[in-house]
Every structure is written in structure tokens, then in C-alpha cells.
Amino acid sequence: MKIHLREVDRHNPNEVDLIVGRCMETILEMVPEFNNDPMLAREVIEDFTFNQMKERIMGATHDPHHKIVVASDLDGEMLGHSIFSIKKDADNFTYGSFFTRYIAPEHRRMGLASRMLQEAEEWMKQMGAQYFLAQTHVKNYKLQNLFRKHGYRVTGPKMARWPYYELRKDI
Ligand SMILES: CC(C)(COP(=O)(O)OP(=O)(O)OC[C@H]1O[C@@H](n2cnc3c(N)ncnc32)[C@H](O)[C@@H]1OP(=O)(O)O)[C@@H](O)C(=O)NCCC(=O)NCCS
């Protein structure tokens with residue numbers, strides 16, 4: 001099946017809503033402490049409602065430092081997404097920051113997340129990134145494996161809203 005990567009169509013409400021829903025699903029799946037309960041998530045993430053998450057994600061589509069890339073098939077069906085940004089650290093170094101990604105279950109383990117990761121790295125490099133950074137819950141071994149496979153160093157665990165590892169690759 002031919003799958004292509006493109007930027008999100010922010011004028012397509014179905015596409016945006018699907019991304020928001022999948023982002024929320026990912027958070028619930030990724031943080032075992034939430035026990036798959038949106039109310040528990042809301043106690044920790046104040047804006048964990050559909051409309052607030054949508055506002056946050058839509059805001060990103062207007063900012064050139066953020067990018068939302070989707071994977072779609074020839075019929076336009078959205079099979080996954082990846083959201084990432086370009087930021088400055090405390091020492092004023094520019095770095096690429098991975099926020100979230102999701103691949104539909106029936107399309108997993110076919111290299112799609114890897115393709116999206118590599119495309120994100122290319123864009124971050126063009127934007128001047130000196131390193132790439134992601135964070136993940138200590139129990140999200142799938143994501144740790146994904147980033148390890150692409151040469152990222154795993155450090156931690158650290159503690160914030162939940163225990164997490166930092167995944168970093170220097171260019
Ligand atoms: C994590 C996720 C994005 C991976 O997407 P994917 O397209 O299946 O990943 P790829 O096919 O590119 O896999 C690349 C590597 O990641 C690792 N990986 C992916 N899925 C894995 C799994 N189920 N178990 C262990 N390692 C896994 C492997 O190292 C894999 O390489 P390999 O296939 O050669 O072993 C996908 O499973 C997903 O969307 N999960 C739900 C949402 C989520 O957890 N998002 C991350 C938090 S933001």
C-alpha cells in the first residue's frame with residue numbers, strides 16, 4: 001500500500017478531530033497511572049478535555065516552529081500522525097523536540113513511525129537543530145525501542161508528572 005506523508009490539513013475538521021482524539025487516547029494508553037480514566041488524567045493535565053486539547057493542537061498549526069505531519073493512504077485515510085517542534089534550551093541551543101506520535105494499530109510494525117521520525121529529523125536539521133529530544137513514560141518500551149533503533153541515548157528515569165526517560169540524539 002502506498003502511504004505518503006504530508007502536513008495536516010487544518011481546514012479539514014475531521015482530520016483535526018481525529019488527531020485530537022488519538023492524542024488523548026495515546027496519553028491514556030501511555031501513562032498507566034491514569035488507569036485509562038480521563039478524569040484521573042484531568043487531575044494531572046489541566047487541559048485534558050477535547051476542546052482544550054484541540055485548541056492547543058490547532059494553535060500549533062499556525063506557528064512555524066511546530067509541525068504536524070500525517071501519514072495517509074491514496075484514499076486520504078489518515079493512518080497516523082506525528083507532532084514535533086523546534087525550541088531553544090536554557091543555554092540558547094536550538095533543538096528539535098518530539099511531542100507525540102500515533103500509528104493506527106493495523107499499520108504498526110511496518111516502519112511508518114520510523115519514516116515519520118526520519119522526516120521530522122530532516123525538518124529539525126533544516127531549522128537549525130543541534131540535537132533532538134523526546135521524553136517517554138518509563139513503561140513505554142515501544143517508544144524507547146523506536147528511538148533506540150534510530151540512535152537515541154536513553155537517560156533517566158526522571159520524575160515529573162510521571163516517571164519518564166529522556167531520549168536524545170546529538171547531531
Ligand atoms: C509506538 C508506535 C508509534 C510505533 O509505531 P510503528 O509504526 O509500529 O513503529 P515502526 O514500525 O517504525 O517500528 C520501529 C521500531 O520501534 C520499536 N517498536 C515498535 N513497536 C514495538 C512493539 N510493539 N514492541 C517493541 N518494540 C516496538 C522496534 O524497535 C521497531 O523496530 P523493529 O520493527 O525493527 O523491531 C505505535 O506503536 C503507536 O502508535 N503506539 C500507540 C501510541 C504511542 O504509544 N505513542 C507514543 C507515545 S507519544
Side-chain angles (χ1 to χ4, degrees), residues 1-8 15-38 40-42 44-45 47-50 52-54 56-61 66-74 77-87 95-124 129 131-169:
M1 184 198 293
K2 192 143 174 59
I3 296 173
H4 72 284
L5 306 187
R6 59 169 172 81
E7 281 202 52
V8 64
E15 198 157 283
V16 173
D17 286 1
L18 190 56
I19 292 177
V20 175
R22 285 173 167 177
C23 276
M24 295 179 79
E25 196 186 305
T26 298
I27 291 171
L28 289 175
E29 183 188 322
M30 190 190 77
V31 184
E33 288 85 347
F34 293 156
N35 208 14
N36 219 18
D37 178 352
L40 283 180
R42 212 159 294 151
V44 180
I45 307 170
D47 60 352
F48 198 75
T49 66
F50 190 86
Q52 285 170 305
M53 292 290 281
K54 186 169 176 172
R56 192 177 344 164
I57 287 167
M58 282 307 290
T61 67
H66 295 284
K67 203 155 166 157
I68 303 179
V69 169
V70 303
S72 62
D73 65 14
L74 289 178
E77 193 194 337
M78 215 175 72
L79 314 175
H81 69 256
S82 168
I83 305 181
F84 44 93
S85 312
I86 195 87
K87 294 184 178 176
Y95 70 101
S97 167
F98 287 94
F99 175 53
T100 184
R101 78 283 314 136
Y102 174 94
I103 304 297
E106 61 280 19
H107 295 281
R108 289 182 186 168
R109 274 338 252 281
M110 294 177 191
L112 205 41
S114 294
R115 228 177 110 187
M116 296 185 101
L117 187 150
Q118 285 164 329
E119 178 151 321
E121 287 183 343
E122 277 309 309
W123 176 79
M124 290 165 171
Y131 63 94
F132 309 129
L133 198 65
Q135 293 176 343
T136 188
H137 192 285
V138 290
K139 298 236 165 101
N140 192 344
Y141 63 92
K142 292 187 210 176
L143 203 76
Q144 291 154 34
N145 285 351
L146 169 68
F147 279 84
R148 270 203 187 96
K149 185 175 176 181
H150 291 275
Y152 285 69
R153 200 162 28 89
V154 180
T155 53
K158 298 184 178 182
M159 192 61 207
R161 294 185 286 193
W162 47 75
Y164 72 95
Y165 286 125
E166 218 164 60
L167 310 152
R168 174 174 169 141
K169 183 155 92 175

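When a ligand or atom number is given, it counts from 1 through the structure's own listing order. Nothing here was measured: the structure is a model prediction, and the numbers come from that model.
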Which atoms of ligand 1 have any heavy atom of [X] under 4.0 Å away?
X: E29; value: 41 (C)
X: N140; value: 44 (O), 46 (C), 47 (C)
X: T26; value: 42 (C), 43 (C), 45 (N), 47 (C), 48 (S)

Output yes when [X] and [Y] qualify as a salt bridge under the 4.0 Å nitrogen-oxygen rule, no when they do not.
X: K67; Y: E121; result: no
X: E33; Y: R161; result: no
X: D47; Y: R56; result: yes

> Hey, is the main chain of D17 close enough, under 3.5 Å, to the side chain of R22 for a donor-acceptor pair?
Replying inline: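 Not at all, since once roles are kept as given, no pair shorter than 3.5 Å links the two residues.
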> Hey, is the main chain of H137 close enough, under 3.5 Å, to the side chain of Q144 for a donor-acceptor pair?
Replying inline: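 Checking the backbone N and O of H137 against the side chain of Q144, a donor-acceptor pair under 3.5 Å is found.
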> If you draw a 6.0 Å radius around NZ in K139, do more than 12 non-hydrogen atoms from other residues or ligands fall strictly inside?
Replying inline: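 12 or below, so no.
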Which residue and heavy atom of the protein sit nearest [atom], plus the separation:
atom: atom 5 (O) of ligand 1; result: A113 CB, 3.1 Å
atom: atom 22 (C) of ligand 1; result: R109 NH1, 3.2 Å
atom: atom 29 (O) of ligand 1; result: N145 CB, 3.4 Å
atom: atom 16 (O) of ligand 1; result: L146 CA, 3.2 Å
atom: atom 39 (O) of ligand 1; result: I103 N, 2.8 Å

Looking only at distances, can you tell me whether any N or O atom of [X], backbone or side chain, sits closer than 3.5 Å to an N or O atom of ligand 1?
X: S114; result: yes
X: L143; result: no
X: G111; result: yes
X: T100; result: no
X: M30; result: no
X: Y102; result: no
X: R101; result: yes
X: K149; result: yes

>> Any protein heavy-atom neighbour for atom 2 (C) of ligand 1 (distance below 4.0 angstrom)?
In response: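 Flag for atom 2 (C) of ligand 1 set to false, no protein heavy atom closer than 4.0 Å.
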Can you find a pair of side-chain heavy atoms, one from [X] and one from [Y], that are under 4.5 Å apart?
X: M116; Y: I103; value: yes
X: F84; Y: H66; value: no
X: I86; Y: S97; value: no
X: T49; Y: Q52; value: yes

>> Tell me whether the rings of F48 and F34 are parallel (<30°), tilted (30 to 60°) or perpendicular (>60°).
In response: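 It falls in the tilted class, 30° to 60°.
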> Quick one: does F98 get a heavy atom under 4.0 Å from ligand 1?
Replying inline: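 The answer is no: ligand 1 sits nowhere under 4.0 Å from a heavy atom of F98.
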>> Taking the cut-offs as 6.0 angstrom to the six-membered ring centre and 45 degrees off its axis, would you call R168 and F132 a cation-pi pair?
In response: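 Because its charged atom misses either the 6.0 Å distance or the 45° angle limit, R168 does not stack over F132.
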>> Considering R108, H107, K142, M110 one by one, which has a heavy atom nearer to atom 18 (N) of ligand 1 than any of the others?
In response: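 When every heavy atom of R108, H107, K142, M110 is considered, K142 comes closest to atom 18 (N) of ligand 1.
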